[in-house]
Number of protein chains: 2
Amino acid sequence: MEKLQQDFNQFPTFIHDMTDQPNRIPQYQYLYETLRQDIIRGVFKAGDLLPSESVLQQQFRLTQPTIRQALSLLVQEGYIRKHQGKGSIVQAIPVGLGVMSLKTHSVTADEKPAASDELSAELITTTILVKPYLRAFPLELLFYPTDENPTTTYYYMERLRSVNNTPVFYEKLILPNRYLPNLPRQRLSNRSFFDLLRTKYGLVVSGGEQKIQALTADEPIAKQLQVKPGRPVLRLEKRIDTNKSDFSFFSLLFARTDQFLLQGRF
Amino acid sequence: MEKLQQDFNQFPTFIHDMTDQPNRIPQYQYLYETLRQDIIRGVFKAGDLLPSESVLQQQFRLTQPTIRQALSLLVQEGYIRKHQGKGSIVQAIPVGLGVMSLKTHSVTADEKPAASDELSAELITTTILVKPYLRAFPLELLFYPTDENPTTTYYYMERLRSVNNTPVFYEKLILPNRYLPNLPRQRLSNRSFFDLLRTKYGLVVSGGEQKIQALTADEPIAKQLQVKPGRPVLRLEKRIDTNKSDFSFFSLLFARTDQFLLQGRF
DNA sequence: AAAAGTAGCTTATTATAATAAGTTATTGGT
DNA sequence: ACCAATAACTTATTATAATAAGCTACTTTT
């Protein structure tokens, strides 16, 4: 039997009936993505109350535990905040999981900024400095692959992310040569690398570990970030775990934080 | 009319029978704490398999969803890692929630360090530089209290954390003057401040937001951290949320990362 | 008018149950 | 001895149901 429901609410006729699909997405993940998109696209704005759990149950034909599983993901990512007896309140600043977002810090304490002083995404540009190629694991990292299944070769690439043409992030990415067919042929700039991994390769970031350090810029880094050598820069090294437990990748990022700073939630 | 319920609760004999207790701890939290302690105390060691969910069900007389709720907390904190069809594997390095831990980084890539190069806790000492006193919210912070219930006065204190007598963290803490009776009279040094909040005041950290920056040490910071003025230091500002939604507090931390670096999971 | 009570919303916790799907070890056949 | 099928584990997903408890707004009482 298929679910035949009339569905006269604002969003169309979805219901996500993937019966028999081999790569079935869990319902709670689908609901999470749906609500997340709605928040990002502004269907629900900061301060709004999300539909109550019982309303969501009816709308999506799911039961409370499933709804709650989706909502708890949203809580974890900071999209909403729940209050017992009150509801789920949409928060501003949807910050990605561990992926720190940019935020200007030209905020003096007496002039509170407007509700959203987030940078609009259009101002951020990504340049590929080094296109992905295969090589050995770079010795520069403090992490080393824990290789439950050892991989000998890794994709290596370098990106530069700029805000208003000011370079801010200089990032080196190292990914195991696995699960990633045709990576060098993918369109990489001006696009979230994490979205690419998710949509093209089914890899979802599940967490990771990071090591942070303040140091002075050496010559090559200073050149990329357009600062004087000797200026303080942030070194952020991450091991990023995914839903596939034998696939973790690494990021080594240098950031100038004189105009922008790193922000994240925990 | 009051609710006349007999309260012949199903959980009769066993553990953790807090029937009628006003501050009943949820079963999943109790289980989480129990397993967490077992891992910390070494009952389960890194690499071990945790008892399976069905075994835990029998041992604790709980059902699978409850067990899974506790386990998912352990996953979130990095204590275990779950593998479908295999079990829950205990991980090393229980890193506290967002509270970054110290780790030496004198690791060259070719000499892999031993399984645990974590610093033993005994080497870390905490000194109170400024004992808690009441004052207005300091302008130094980028965060400002979102005050759903505005608080006018805050506890302010300064701590210095050293490793082997080398100062590493210089921290300023700002806490709303609420829920914290007798704070100035508490023993504060050489003790986890978070443990104090939890045990004495029932405040459990639930997450937060942080802003990170690399900058050069000015005179007072250089003096506290015993580095030359102008050396790069890390500035880490956090808003720390708790289980009481009207109680968030703030931490402004300066760290020298030349010998040690900040590490955390996300 | 102010306070107390209450009804009706909300999320939170927990139990029970069934099925799916990944992993490992055993078994049986060649 | 090797290999494939399979049995017996494991965690993952989802549904249904009952009860607890926080919040809000309305109603009643004082």
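Labels below follow one simple rule: chain letters A, B, ... track the order of the sequence lines, proteins then strands, and each chain is numbered from 1.
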Undergrad: Take the protein atom CD of B:E53 and the nucleotide atom C1' of C:dA17, then report the distance between them rounded to whole Å.
TA: 15 Å

Undergrad: Rounded to the Å, how far apart are B:F60 CZ and C:dA15 P?
TA: 13 Å

Undergrad: Report yes or no: does A:S248 contribute a side-chain atom to a donor-acceptor pair with the main-chain N or O of A:R239 at less than 3.5 Å?
TA: no

Undergrad: Could you state the CD1-P distance from B:I67 to C:dT14, rounded to the nearest angstrom?
TA: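 Nearest whole value for this atom pair: 11 Å.
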
Undergrad: On the nucleotide D:dT13, are OP1 or OP2 found under 4.0 Å from the side-chain N or O atoms that A:T66 carries?
TA: no

Undergrad: Would you kindly give the NZ-to-C1' distance between A:K82 and D:dC23, to the nearest whole Å?
TA: 15 Å

Undergrad: How are the rings of B:F250 and B:F137 set relative to one another: parallel (under 30°), tilted (30 to 60°) or perpendicular (over 60°)?
TA: perpendicular

Undergrad: Looking only at side-chain N and O atoms, does B:T63 come under 4.0 Å of OP1 or OP2 in C:dT16?
TA: no

Undergrad: Angle between ring planes, A:F194 versus A:F249, binned at 30° and 60°: parallel, tilted or perpendicular?
TA: tilted

Undergrad: Separation of B:R68 atom CZ from D:dT14 atom C1', in whole Å?
TA: 11 Å

Undergrad: Taking OH from B:Y28 and P from C:dT11, how many angstroms apart are they, rounded to a whole number?
TA: 16 Å

Undergrad: Could you tell me the separation between the CD atom of B:Q57 and the C1' atom of C:dT14, rounded to a whole number of Å?
TA: 12 Å

Undergrad: So what does A:L62 hit on the nucleic acid, given a heavy-atom distance under 4.0 Å: a base, only sugar-phosphate, or nothing?
TA: sugar-phosphate

Undergrad: With nearest nucleotide decided by heavy atoms, which residue, B:S52 or B:Q64, maps closer to the 5′ end of DNA chain D?
TA: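 Going by which nucleotide is closer to the 5' end, it is B:S52.
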
Undergrad: Exactly one of A:L253, A:L252, A:L236 should register a side-chain contact (heavy atoms from CB on, under 4.5 Å) with A:E171. Which one does?
TA: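 By the side-chain contact (heavy atoms from CB on, under 4.5 Å) criterion, A:E171 pairs with just one of A:L253, A:L252, A:L236: A:L253.
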
Undergrad: With side-chain hydrogen bond (donor to acceptor under 3.5 Å, both in side chains) as the test, would you mind laying out the steps for B:Q57 and B:Q64 before giving the verdict?
TA: CA-CA 6 Å; B:Q57 280 181 52; B:Q64 208 202 11; 5.2 Å; no

Undergrad: To the nearest Å, give me how far apart CD (A:Q69) and P (D:dA12) are.
TA: 10 Å

Undergrad: Mind checking salt bridge (Lys or Arg N to Asp or Glu O under 4.0 Å) for A:E53 and listing every partner two or more places apart, or none if nothing turns up?
TA: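 Salt bridge (Lys or Arg N to Asp or Glu O under 4.0 Å) list for A:E53, sorted by chain: A:R68, A:K82.
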
Undergrad: Go nucleotide by nucleotide along DNA chain C from the 5' end; which of A:S54 and A:P65 gets its closest nucleotide reached first?
TA: A:S54

Undergrad: Test A:I80 against every option in A:I39, A:L35, A:I89 by the side-chain contact (heavy atoms from CB on, under 4.5 Å) rule and name the one that passes.
TA: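 One option only clears the test, and that one is A:I39.
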
Undergrad: Please list, for nucleotides 22-24 of chain C, all pairs of protein and nucleotide N/O atoms separated by less than 3.5 Å.
TA:
unit_1: C:dG22; atom_1: N2; unit_2: B:G85; atom_2: O; d: 3.2
unit_1: C:dT23; atom_1: O4'; unit_2: B:G85; atom_2: O; d: 3.2

